[in-house]
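None of these values were measured; they are calculated from a predicted model.
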Amino acid sequence: MELLEQHFDTIFSTPEGIQKLRDLILTLAMHGKLVPQDPSDLSAGELLKDINVEKKRLVKEGKIKTPKPLPEIALDDVPFTLPKGWRWVRLGTVGNIFNGNSINAAEKESKYAGVKGLPYIATKDVGYGFDPIDYENGICIPPDEAKFRVAHEGAVLICAEGGSAGKKCGLTDRDICFGNKLFANELYGQISSRFILYAYLSPVFRAAFAAKMTGIIGGVSIAKFVEIPLPLPPLDEQRRIVARIDQLMARCDTLENLRHSREEKRLVMHAAALSQLLDNNNSGSPDEAWTFITRHFSDLYTVKENVTELRKAILCLAVTGKLTEQRKEDRPVKELLESIKTDRSRLLIRGASSEQIDSKKISYRIPESWAILPLDAILISGPTNGYSPKAVGYETKVKSLTLSATTSGVFKGEHSKFIADDIPMSSDLWLRDGDILVQRGNTIEYVGVPAIYKGERHSYIYPDLMMKLRVSVELDNDYVCFAMSAPPSRDFLRERASGTSGTMPKINQKTLTSLPIPIPPFAEQQRIVTKIYKLMALCDQLERKIDSENLKASELLASVIAQV
């Protein structure tokens, strides 16, 4: 406990620290190290004698079937030595364990929805040990349905199959019927149900449960479940252990709430500072906001969420002219726009509007020396959709990108696949240095994300769920891509994506080409790009620092726990 107190700040600040502390409490409890032993307690051996007498009585009364003999606990089954008075037992020794009944969805809705009777508990209604069971799910089993097994008040439930196997468990506070993927454990000999629940939650038990799992879906049969070894303390010590765990878990809850409150405060403070920094109405002072961020920098940027928001703020400042200064000696935007028209005319590009967008029709302000054009007005090719053939399991001459290649906003060629199709060298599917790729379809979070391809020609083709475009050479390519990545542009495209309720929202070419792009003088574009790269490198450093500090804290925490 002295070690834990000495490294309290580490436990408190590490993301998994409080969960590790809960695991440690339960581990100490199962080792008999959480509360002192009392020599006057009746031993677990005496408790087992009483249980055997109770079982014979219940069998005679017809309340349980004669239990099948369980294998003796061998030395190899024992993961650690227990205190005097404790015993290693098979789980099936201490309780009547049985599973429930399955109901198909149609029958559940037609026969058991809204009727009176015992609550029917499915896996979804069970939490992760400390969460209450959801009895108010609208499904009940009438008392005259004799085929349904009943778990009585005080039964311990655990999920035995699927992704939640061994993880979801809970304690009933009333009689229930329940699903066939759950096991109920009704304890003998006045064994504490809450002690068994805590045993289920302990790393010791979970490791033993995982070792018994089989099958593709993953699960444990009752025959294997009842054989899991359980450390059994004397009855009175069980009660002391439960009382102590309850007390310590309440403290963990308090710590968790405090940590959540602290993290929430950091996020709120940072959001307020950035809001003031980005204020279009100039009601707050950007200088004050920067001063606040600088003063509290080390505290604000200990969580990645704030770094993510900082990246967004940098791009917002960039497209509103607040990231770098405007200079009178810069070549005027009016001349730049004429050069773009000339470049497009030279390439015989027609059918696209070159009219400026009224700055009053967008949600943010730009400097008077800037202009705003639809993306269509600055393109010299595209947007065009790609091609998505099937991948092959051998090396070929053609690599096609996957969506993951541009999801981060930075081109990553390792996310590609070989295809068997013969793509002519003259095909426009081949990427060229400077091409901007836009995610045409993805989740709502990523749809519309742009990234620049920087590399050799004829190295990759791009998939159908991406669009490719090129902008006029009169513009800084990086600046345009950053402008397309800024929150106002991302919001514009997300709001116009089709199928936003599904898993794959999409944007079309018309939507993309109507995207407003703020255009500063060319020299200012270059200054903005230089500043963005510098600040994004700082964000990279912050994220690496957070990862490094979290790793060090986790290693220290593991070391402390190992010593305990």
Side-chain angles (χ1 to χ4, degrees), residues 16 19-20 22-23 26-27 30 68 70 79 90-92 94-113 117-141 145 147-152 154-187 193-194 196-230 443 502-503:
E16 74 278 16
Q19 181 55 49
K20 292 282 187 184
R22 292 187 193 273
D23 288 345
L26 295 173
T27 299
M30 295 304 113
K68 292 181 179 179
L70 294 170
R90 300 288 182 186
L91 189 58
V94 298
N96 180 31
I97 297 171
F98 55 100
N99 64 340
N101 306 82
S102 63
I103 311 176
N104 64 53
E107 188 181 27
K108 186 183 292 186
E109 192 62 34
S110 62
K111 287 187 66 175
Y112 303 114
L118 294 180
Y120 178 83
I121 304 303
T123 301
K124 67 177 180 60
D125 305 313
V126 181
Y128 292 88
F130 301 110
D131 304 317
I133 293 170
D134 180 14
Y135 299 99
E136 307 301 326
N137 58 20
I139 307 298
C140 291
I141 306 300
E145 293 271 10
K147 68 175 182 178
F148 283 88
R149 300 184 187 96
V150 175
H152 298 93
V156 190
L157 299 180
I158 187 168
C159 177
E161 184 181 322
S164 300
K167 300 172 185 175
K168 283 196 165 191
C169 48
L171 190 61
T172 63
D173 62 12
R174 66 197 76 178
D175 292 356
I176 63 164
C177 294
F178 60 104
N180 65 328
K181 293 183 180 180
L182 295 169
F183 292 162
N185 190 347
E186 296 185 338
L187 286 311
S193 296
R194 199 159 179 82
I196 297 300
L197 175 65
Y198 282 139
Y200 283 1
L201 294 170
S202 70
V204 175
F205 182 87
R206 289 191 167 173
F209 185 96
K212 299 282 187 182
M213 290 182 71
T214 57
I216 298 173
I217 297 175
V220 174
S221 66
I222 281 189
K224 293 292 184 183
F225 184 73
V226 296
E227 293 182 357
I228 292 177
L230 173 78
T443 62
T503 57

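- Side chains of Lys168 and Leu182 form no contact here, defined as non-hydrogen atoms less than 4.5 Å apart.
- For the residue pair Asn137 and Asp125, a side-chain donor N or O sits within less than 3.5 Å of a side-chain acceptor on the partner.
- Within 6.0 Å of the CD atom in Glu107, the count of heavy atoms belonging to other residues, nucleotides or ligands exceeds 12.
- Using a 4.5 Å cut-off on side-chain heavy atoms (C-beta onward), Cys177 and Arg149 make no contact.
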Problem set entry | Worked check of side chain to side chain contact (heavy atoms under 4.5 Å, CB included) between Leu171 and Leu157 | CA-CA 6 Å; Leu171 190 61; Leu157 299 180; over 6 Å; no
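- Sparse packing is recorded around NZ of Lys167, with 12 or fewer heavy atoms of other residues, nucleotides or ligands lying under 6.0 Å away.
- To the nearest 0.5 Å, atom CG of residue Asp175 and atom NE2 of residue His152 are 5.0 Å apart.
- The closest side-chain heavy-atom distance from Leu118 to Ile176 is not below 4.5 Å.
- For Ile222, the CD1 atom is densely surrounded, since the number of other residues' heavy atoms within 6.0 Å is greater than 12.
- Side-chain contact between Cys169 and Leu197 is present, with heavy atoms from C-beta onward closer than 4.5 Å.
- The aromatic ring centroids of Phe178 and Phe98 lie less than 6.0 Å from each other.
- Note that Arg206 lies outside the cation-pi zone of Tyr200, set by a 6.0 Å cut-off to the ring centre and a 45° limit from the axis.
- The two residues Ala151 and Ala184 have their closest heavy-atom pair at CB-CB, 3.8 Å.
- Defined by atom type and a distance below 3.5 Å, a donor-acceptor pair is missing between the side-chain atoms of Asn101 and Tyr120.
- Geometrically, Arg22 engages Phe130 in a cation-pi contact defined by less than 6.0 Å to the ring centre and at most 45° from the axis.
- Note that CD1 of Ile196 is 6.5 Å distant from CG of Asn185, once rounded to the nearest 0.5 Å.
- The distance from atom CZ of Phe183 to atom CD of Glu161, rounded to the nearest 0.5 Å, is 8.5 Å.
- Qualifying side chain to side chain donor-acceptor pair (under 3.5 Å) partners for Asp23, counting only residues two or more places apart in sequence or in other chains: Gln19.
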